[in-house]
Amino acid sequence: MSGDVHVAIERDADIVTARQRGRELAREVGFSGTEQTLITLAISEIARNIVSYARRGGMTLTRVQDAGRSGISIVARDEGPGIPDIELAMRDGYSTGKSLGVGLPGSRRVVDEFVLTSTVGVGTTITMKKWLR
Amino acid sequence: MAVPILKQGDVLVASIQVALTDSDLVELRDRLAEQVGRHRSRGVILDVTVLDVLDSFAARTLRSIAQTARLRGAHTVVVGIQPEVAFGMVQLGLSLEDVSTALDLEEGLAHLRAVLERRGHHVR
């Protein structure tokens, strides 16, 4: 049984570390290979957003239990510029120029819960959860 | 971590061995573009068999590698995308668009040979 895994996200090598830690934890929780891949993808996209837009932040990966079900929680925090228009940022294909614009909407599609809070000039927090079926 | 690029006749084979960072991928793109010219290669094979995930940056860079190589006169085939990786790409909404793909290295070489022979190149 492992506790929280925290990964500092500052450089592109940290994206790889976050992905690997996420996959390890997802495997321990009991997710299938396909679900591990989806979790890894969401972690990769969100971690890259931190590196591209905020430069510095972190990700906490936790095994969670709720009403008899198990899952994984991924909390990404940064102290970057924040997202002025969250609705727009969540739209497929929208990007301020550094990406394809699939990172946020794509990640939301592959997890069960996705909550994004952001304050301009303060930072962004994204909480994702995926539950075992 | 530099990806080894092997020259096999007219074809360059880049076999990815470990998980790559974004800068590793960009470096691979630049080295391939340079080596296609140096070796006058007609084809490029990108073997991604070991990768357990292809995210938006990787998909975009693979497309950019294929487009760059095409402008340098070489056709690219991406081989070895694992079933779970393919499923993840579909779920996320990623595609390689018009980049050729094949199941594995053998199929990729056969595909390249067919493409190049159609164009009138004898493949070494």
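Lettering follows sequence order; numbering is per chain, from 1. Note that the structure is predicted; figures quoted are calculated from it, not measured.
Side chain of A/Asp12 to main chain of B/Ser23: a donor-acceptor pair is present (N/O by atom type, distance under 3.5 Å, no hydrogens or angles).
Of the listed residues A/Arg48, A/Glu45, A/Arg109, the one with more heavy-atom pairs under 4.5 angstrom with chain B than any other is A/Arg48. Interface summary for chain B: among A/Thr34, A/Ile15, A/Asp14, A/Val51, the most heavy-atom pairs under 4.5 angstrom belong to A/Thr34.
Interatomic distance, OG of A/Ser44 versus CG of B/Leu92, reported as 9.5 Å (0.5 Å rounding).
With sequence neighbours excluded, the residues satisfying side-chain contact (heavy atoms from CB on, under 4.5 Å) with B/Leu103 are B/Glu107.
Interface residue A/Arg19: only side-chain heavy atoms are found under 4.5 Å from chain B. Looking at A/Leu41, the atoms closer than 4.5 Å to chain B (heavy atoms on both sides) sit in the backbone and in the side chain alike. Using a 4.5 Å cut-off between heavy atoms, A/Glu35 makes no contact with chain B at all. A/Arg108 does not touch chain B: none of its heavy atoms, backbone or side chain, sits under 4.5 Å away.
Around CZ of B/Arg31, the count of heavy atoms belonging to other residues, nucleotides or ligands within 6.0 Å exceeds 12. For A/Glu87, the CD atom sits in a loose shell: 12 or fewer heavy atoms of surrounding residues, nucleotides or ligands are nearer than 6.0 Å.
In the hydrophobic clustering of this structure, B/Val99 groups with B/Val26; members are Ile, Leu, Val, Met, Phe, Trp, Tyr whose side-chain heavy atoms approach within less than 4.5 Å, directly or through other members. A continuous path of ILVMFWY side-chain contacts below 4.5 Å connects B/Leu94 to B/Leu96, so both sit in one hydrophobic cluster. Connection of B/Ile65 to B/Val3 is established within a shared hydrophobic cluster, with ILVMFWY side chains joined at heavy-atom distances below 4.5 Å, either directly or through further cluster members. Both B/Met89 and B/Phe87 sit in one connected hydrophobic cluster of ILVMFWY residues. Membership requires side-chain heavy atoms under 4.5 Å apart, directly or through other members. A/Met90 and A/Val111 fall within the same hydrophobic cluster, defined by Ile, Leu, Val, Met, Phe, Trp and Tyr side-chain heavy atoms under 4.5 Å apart, directly or through other members.
Contact annotation for residues 113-133 of chain A against chain B (heavy-atom separation below 4.5 Å): no residues qualify. Identified by a heavy-atom distance below 4.5 Å to chain A, the contributing residues of residues 45-55 of chain B are B/Asp52, B/Val53, B/Leu54, B/Asp55, in residue-number order.
Judged as a salt bridge (charged side-chain N to carboxylate O under 4.0 Å, His left out), not a single pair has a partner in residues 80-95 of chain B (not counting sequence neighbours).
Of all non-hydrogen atoms in B/Ala19 and A/Val16, the two that sit nearest each other are CB-CG1, 3.9 Å.
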